[in-house]
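Owing to the predicted nature of the structure, the values given are computational and were not obtained by experimental measurement.
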Amino acid sequence: MTEGSEPGSQDGSTDADDSEAPESGGRSPPAVAVVDAQTSGNVGTIARAMKNFGFEDLKLVDPPDLSRDSEAYGFAGQAREDILPNADEVTLDHLAANYHTVALTATTNEDSRKHVRFPFSTPAELSERLATVDAPTCLVFGREDVGLTNEELAQLDEICAIPASEEYPSLNLGQAATITLYELRNLALDENQLPDVELERADEPIVERLNDQFGEFLEAIDHPVEKRAKTGRLFRRLVGRAHPTDREARTLLGIFRRASAHLNFYGDADDAAAKNADAKDGAADAAASDAEN
């Protein structure tokens, strides 16, 4: 959108429903549509969430004022540079005709006797399924107060709802979009700013050394022999679930090694002292016996 023009047009005269329809068979990230938003700030928040999670194509049905001095640009962050000004104004009919549509709602039906809002998916479930859909897809969000009407929902292909408190399931429009786009980020992002934790996992030989050292530790503390195998398995499974980093595994390995050596050293010292004491007692007993004789 250029400043002062309608969304989706360069001069305010373009009918967005005549805009080029998406190519079939595309695997681009889903488009995001907002129907009749009441406040421009929520549109800006959604644009920002799109930018956060790799989505680019914003569709607006009956949008509020989105001029450069509106709240939308204040809430959009870096999305004010591309996603928000490039949004297309369309109709719901256009979305239904050209996309596989997913309607977002907080209110669902309880069973198939009322099928307009049933069955439904959570965003996490939707993420797995949409990854296999080889067609242009659009996530459709409704109004802040009443969401999408039953008549609007009836035009759309499937329903998605965010699990929330039964007492208060309705979320702010911007919050709902942010949660949904986060859950669907695998459809839009190849990489993110976080390091790959799996690549930081300690190599298996280090993990095995840690398990072996724990076994030596059990021996050093004189853990009951009949319990050592079970205790070792428990420790192995604990470490297996934890996926320690190389530094974590080596630190624990060092601690158990030092503890075992410490226990063995003082154990040997105590044994030597005991032997010396026994020897002295024996010598004293012998001397006393000689004196009596």
Side-chain angles (χ1 to χ4, degrees), residues 7-8 14-37 43 46-61 63 79 82-106 108-109 112 115-142 147-163 173 176-194 196 198:
T14 301
D15 182 352
D17 273 3
D18 292 334
S19 61
E20 186 175 337
E23 296 181 4
S24 60
R27 296 303 298 270
S28 57
V32 177
V34 187
V35 176
D36 194 20
V43 177
I46 292 173
R48 178 172 184 152
M50 291 174 63
K51 186 80 171 180
N52 286 142
F53 302 118
F55 298 84
E56 299 177 349
D57 190 5
L58 178 60
K59 307 294 185 185
L60 301 171
V61 178
D82 45 20
I83 294 173
L84 196 55
N86 292 328
D88 296 318
E89 185 173 346
V90 299
T91 65
L92 191 65
D93 289 340
H94 172 81
L95 298 177
N98 290 281
Y99 292 86
H100 174 79
T101 49
V102 180
L104 278 294
T105 181
T108 65
N109 294 129
S112 59
H115 63 275
V116 174
R117 299 173 184 265
F118 189 94
F120 56 87
S121 304
T122 65
E125 295 166 341
L126 186 66
S127 175
E128 296 180 6
R129 191 166 61 258
L130 286 186
T132 67
V133 175
D134 192 11
T137 304
C138 186
L139 311 172
V140 184
F141 295 88
L148 295 166
T149 68
N150 283 344
E151 291 74 16
E152 291 166 338
L153 289 170
Q155 298 183 60
L156 307 180
D157 297 309
E158 56 180 309
I159 304 297
C160 180
I162 297 171
L173 175 58
T178 300
I179 291 170
T180 302
L181 297 177
Y182 165 75
E183 291 287 4
L184 301 183
R185 67 194 183 281
N186 67 301
L187 304 177
L189 288 178
D190 293 326
E191 297 180 350
N192 59 56
Q193 89 282 13
L194 302 178
D196 190 339
E198 289 298 318

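Using modelled atom types, one side-chain atom of Thr137 and one backbone atom of Ala135 make a donor-acceptor pair closer than 3.5 Å. Side-chain atoms of Ser127 do not come within 3.5 Å of backbone N or O of Pro123 as any donor-acceptor pair. Counting only distance, with no hydrogens or angles, the side chain of Thr101 and the backbone of Asp157 share a donor-acceptor pair below 3.5 Å. A side-chain donor-acceptor contact under 3.5 Å links Glu152 to the backbone of Thr149. Between the side chain of Glu125 and the main chain of Thr122, a donor-acceptor pair closer than 3.5 Å is present.
Remark: Leu187 CG to Glu128 CD distance equals 10.5 Å, nearest 0.5 Å. Atom CZ of Arg185 sits about 12.5 Å away from atom OG1 of Thr180, to the nearest 0.5 Å. Within the model, atoms CD1 of Ile46 and CG of Leu181 stand 8.0 Å from one another, a figure rounded to the nearest 0.5 Å.
By the 4.5 Å heavy-atom criterion applied to side chains, Leu95 and Leu156 are not counted as neighbours. Proximity of Val35 to Leu148: side-chain heavy atoms (C-beta onward) are separated by under 4.5 Å at one or more points. Side-chain contact check for Val140 versus Leu92: some heavy-atom pair is nearer than 4.5 Å. Between Pro136 and Asn98 the shortest side-chain heavy-atom distance does not fall below 4.5 Å. Between Glu56 and Pro29, the closest side-chain pair of non-hydrogen atoms is not below 4.5 Å. The side-chain heavy atoms of Val102 and Leu126, taken from C-beta on, include a pair separated by under 4.5 Å. A 4.5 Å side-chain heavy-atom check between Leu139 and Leu130 finds at least one atom pair inside the cut-off.
Taking Ala31 as the reference, Asp57, Lys59, Tyr99, Cys138 meet the side chain to side chain contact (heavy atoms under 4.5 Å, CB included) condition, with sequence neighbours excluded. Among residues two or more places apart in sequence or in another chain, the side chain to side chain contact (heavy atoms under 4.5 Å, CB included) test is passed with Ala79 by Ala47, Lys51, Ala76, Ile83.
More than 12 heavy atoms of other shown residues, nucleotides or ligands fall within 6.0 angstrom of atom CD in Gln155.
Across Leu173 and Ala37, no two heavy atoms sit closer than the pair CD2-CB, 4.5 Å. Contact record, Phe141 with Val32: CE1-CG1, 3.9 Å, taken as the closest heavy-atom pair. Taking each heavy atom of Ile159 and Leu153 in turn, the nearest pair found is CD1-CD2, 3.8 Å.
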Please evaluate residues Thr91 and Val61 with respect to the criterion side-chain contact (heavy atoms from CB on, under 4.5 Å), reporting the C-alpha separation (whole Å), side-chain torsions for both, the decisive distance (0.1 Å), and the verdict. CA-CA 5 Å; Thr91 65; Val61 178; 5.5 Å; no
